[in-house]
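Reviewing the structure listed below.
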Amino acid sequence: MQGTMQTLQIVAPGDVRWEQTSIPVPGEGEVLMRVESVTTCPHWDLHIMSGEPMFPEQPLSYPYAPGQPGHEAMGTVAALGPGVDALAVGERVAAWKDPGHARPGCYAQYVVMAAEHLLKVPADIDPAAVTSLELAMCVQVSFDQLRRLDAVDGKRVGVSGLGPAGLIAVQMARAYGASEVVGIDPLAKRRALALQLGVDRVIAPDDPSLPAGRLTVTALDAAIDCTGLKPSIEYLMARTNEVVTIFGVLREEVAFTRTHLRGGFMLMGYTGHNRQAAERALRLVLDGKLNLAPLATHCLPFTRYAEGVDLLRRKEAVKIRFDPWAT
């Protein structure tokens with residue numbers, strides 16, 4: 001496909017531009033996707049716009065790769081590279097894997113993706129329903145770990161941090177049979193959104209109804225931390241009987257003490273992304289058990305990208321969904 005397109009370019013911290021460039025050509029095993037919808041991954045966007053690496057000690061240079069850090073996207077197959085036979089031009093697809101930020105990303109009207117990093121979605125699906133599939137895959141990985149330990153079905157599950165990942169986690173906990181799902185967040189608006197998505201109970205971290213104490217009638221059976229923050233993780237560790245799994249990006253050391261030894265308590269890290277987890281997450285969406293649309297509290301054109309990041313910074317938005325074709 002010949003022609004030009006618009007793409008986002010973060011030139012320097014806080015300096016973002018909407019630039020014209022040539023439509024890329026897919027190579028071996030690749031697909032050109034016409035992007036219909038793309039959502040922020042708030043921590044990525046906030047870090048890159050602020051000049052900070054997403055992960056500690058990760059190299060960071062500018063101009064940032066064009067179209068990055070966009071990686072949660074859906075659209076239509078516009079062209080096929082050599083060797084691609086599992087997809088066809090005109091099919092709608094959603095990205096399930098972030099290929100890394102060294103190559104052009106999805107904050108663009110067109111993007112080249114590896115065919116294996118896309119999943120087919122129904123032709124009539126609302127873009128908002130599947131744009132954040134990549135994040136859902138990530139959270140699904142943590143639930144696959146918990147389910148292997150029999151730590152969800154019939155259990156009291158807590159979720160700390162009701163941002164995008166946490167709002168997915170509370171729905172997955174319910175879908176996979178938790179007897180009670182408790183959402184924990186200091187922001188009242190996010191607690192309210194979690195209630196709309198089916199969580200049984202929401203509390204602020206200072207709520208006395210969940211006091212510190214393991215192996216008690218008030219304690220959680222399992223919990224997932226979606227913040228990566230030391231206070232949040234240690235809060236859960238003090239109130240959970242079986243396992244706390246860390247989903248958020250951990251930047252500090254947390255204390256595992258003698259108080260955690262009783263009952264075989266486990267603090268669990270994260271394993272790798274995989275297509276099977278993405279397929280399970282997509283099945284939850286299609287079965288009506290996972291609603292991704294409410295995560296994007298605002299929808300904006302790319303020309304208002306900086307405004308969207310400011311909304312995230314002020315915590316006035318959970319996620320921003322961008323339409324690359326709107327003006």
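Count residues from 1 along the sequence.
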For the student: nearest non-hydrogen atoms of [X] and [Y], plus distance:
{"X": "V121", "Y": "V93", "value": "CG2-N, 3.9 Å"}
{"X": "I23", "Y": "Q2", "value": "CD1-O, 4.0 Å"}
{"X": "E116", "Y": "R275", "value": "O-NH1, 2.8 Å"}
{"X": "A194", "Y": "L162", "value": "CB-CD1, 3.8 Å"}
{"X": "P13", "Y": "G51", "value": "CG-CA, 3.6 Å"}
{"X": "V111", "Y": "C106", "value": "CG1-SG, 4.1 Å"}

Can you hop from [X] to [Y] via hydrophobic side chains spaced under 4.5 Å?
{"X": "I246", "Y": "V170", "answer": "no"}
{"X": "V16", "Y": "V35", "answer": "yes"}
{"X": "V181", "Y": "L220", "answer": "no"}
{"X": "L300", "Y": "W18", "answer": "yes"}
{"X": "F265", "Y": "L210", "answer": "yes"}

So, [X] side chain and [Y] main chain: donor-acceptor pair closer than 3.5 Å or not?
{"X": "Y62", "Y": "I48", "result": "yes"}
{"X": "D207", "Y": "S209", "result": "yes"}
{"X": "R191", "Y": "P186", "result": "yes"}
{"X": "Q109", "Y": "P324", "result": "yes"}
{"X": "E234", "Y": "A255", "result": "yes"}
{"X": "D200", "Y": "V182", "result": "no"}
{"X": "E180", "Y": "V157", "result": "no"}
{"X": "R280", "Y": "Q140", "result": "no"}
{"X": "Y270", "Y": "C138", "result": "yes"}
{"X": "T40", "Y": "I320", "result": "yes"}

Got [X] and [Y] here, is their nearest side-chain heavy-atom distance under 4.5 Å?
{"X": "P26", "Y": "L80", "value": "no"}
{"X": "T271", "Y": "Q145", "value": "yes"}
{"X": "L146", "Y": "M268", "value": "yes"}
{"X": "C41", "Y": "P69", "value": "no"}
{"X": "Q196", "Y": "P294", "value": "no"}
{"X": "R201", "Y": "R156", "value": "yes"}
{"X": "P53", "Y": "H47", "value": "no"}
{"X": "I125", "Y": "L286", "value": "yes"}

Give a yes or no on whether [X] atom [atom1] has more than 12 heavy-atom contacts from other residues, nucleotides or ligands under 6.0 Å away.
{"X": "H43", "atom1": "NE2", "result": "no"}
{"X": "R314", "atom1": "CZ", "result": "yes"}
{"X": "Q58", "atom1": "CD", "result": "yes"}
{"X": "M266", "atom1": "CE", "result": "no"}

Evaluation steps, salt bridge (Lys or Arg N to Asp or Glu O under 4.0 Å), between E30 and R103: CA-CA 13 Å; E30 294 180 332; R103 59 182 290 162; 3.6 Å; yes
Test item: side-chain donor near acceptor, D225 and Y235, under 3.5 Å: no
Distance-only polar pair, side chains of T21 and T7, donor-acceptor under 3.5 Å: no
Derivation of the salt bridge (Lys or Arg N to Asp or Glu O under 4.0 Å) call for D323 and R321: CA-CA 7 Å; D323 180 347; R321 186 167 70 87; over 6 Å; no
For L133, the option from L118, L119, T39 that meets side-chain contact (heavy atoms from CB on, under 4.5 Å): L119
side-chain contact (heavy atoms from CB on, under 4.5 Å) partner of M74, chosen from E134, R92, M33: R92
Measure the acute angle between the ring planes of [X] and [Y], then classify it against the limits of 30° and 60° as parallel, tilted or perpendicular.
{"X": "H71", "Y": "W44", "value": "perpendicular"}
{"X": "W325", "Y": "Y110", "value": "perpendicular"}
{"X": "Y107", "Y": "F302", "value": "perpendicular"}

Residue pair I10, M49: steps toward the side chain to side chain contact (heavy atoms under 4.5 Å, CB included) verdict: CA-CA 7 Å; I10 299 178; M49 280 288 278; 4.1 Å; yes
Measure the [atom1]-[atom2] distance between [X] and [Y] for me, rounded to the nearest 0.5 Å.
{"X": "L60", "Y": "S50", "atom1": "CG", "atom2": "OG", "value": "10.5 Å"}
{"X": "M172", "Y": "L290", "atom1": "CE", "atom2": "CG", "value": "5.0 Å"}
{"X": "I233", "Y": "L267", "atom1": "CD1", "atom2": "CG", "value": "7.0 Å"}
{"X": "D144", "Y": "M137", "atom1": "CG", "atom2": "CE", "value": "11.0 Å"}
{"X": "E19", "Y": "L8", "atom1": "CD", "atom2": "CG", "value": "8.5 Å"}
{"X": "F322", "Y": "K319", "atom1": "CZ", "atom2": "NZ", "value": "11.0 Å"}

Verdict with reasoning, L46 to V309, per side chain to side chain contact (heavy atoms under 4.5 Å, CB included): CA-CA 7 Å; L46 289 168; V309 173; 3.8 Å; yes
Side chain to side chain contact (heavy atoms under 4.5 Å, CB included) between L311 and H298, worked out: CA-CA 9 Å; L311 289 170; H298 298 68; 3.8 Å; yes
Test log, rule side chain to side chain contact (heavy atoms under 4.5 Å, CB included), inputs V159 and V199: CA-CA 10 Å; V159 177; V199 70; over 6 Å; no
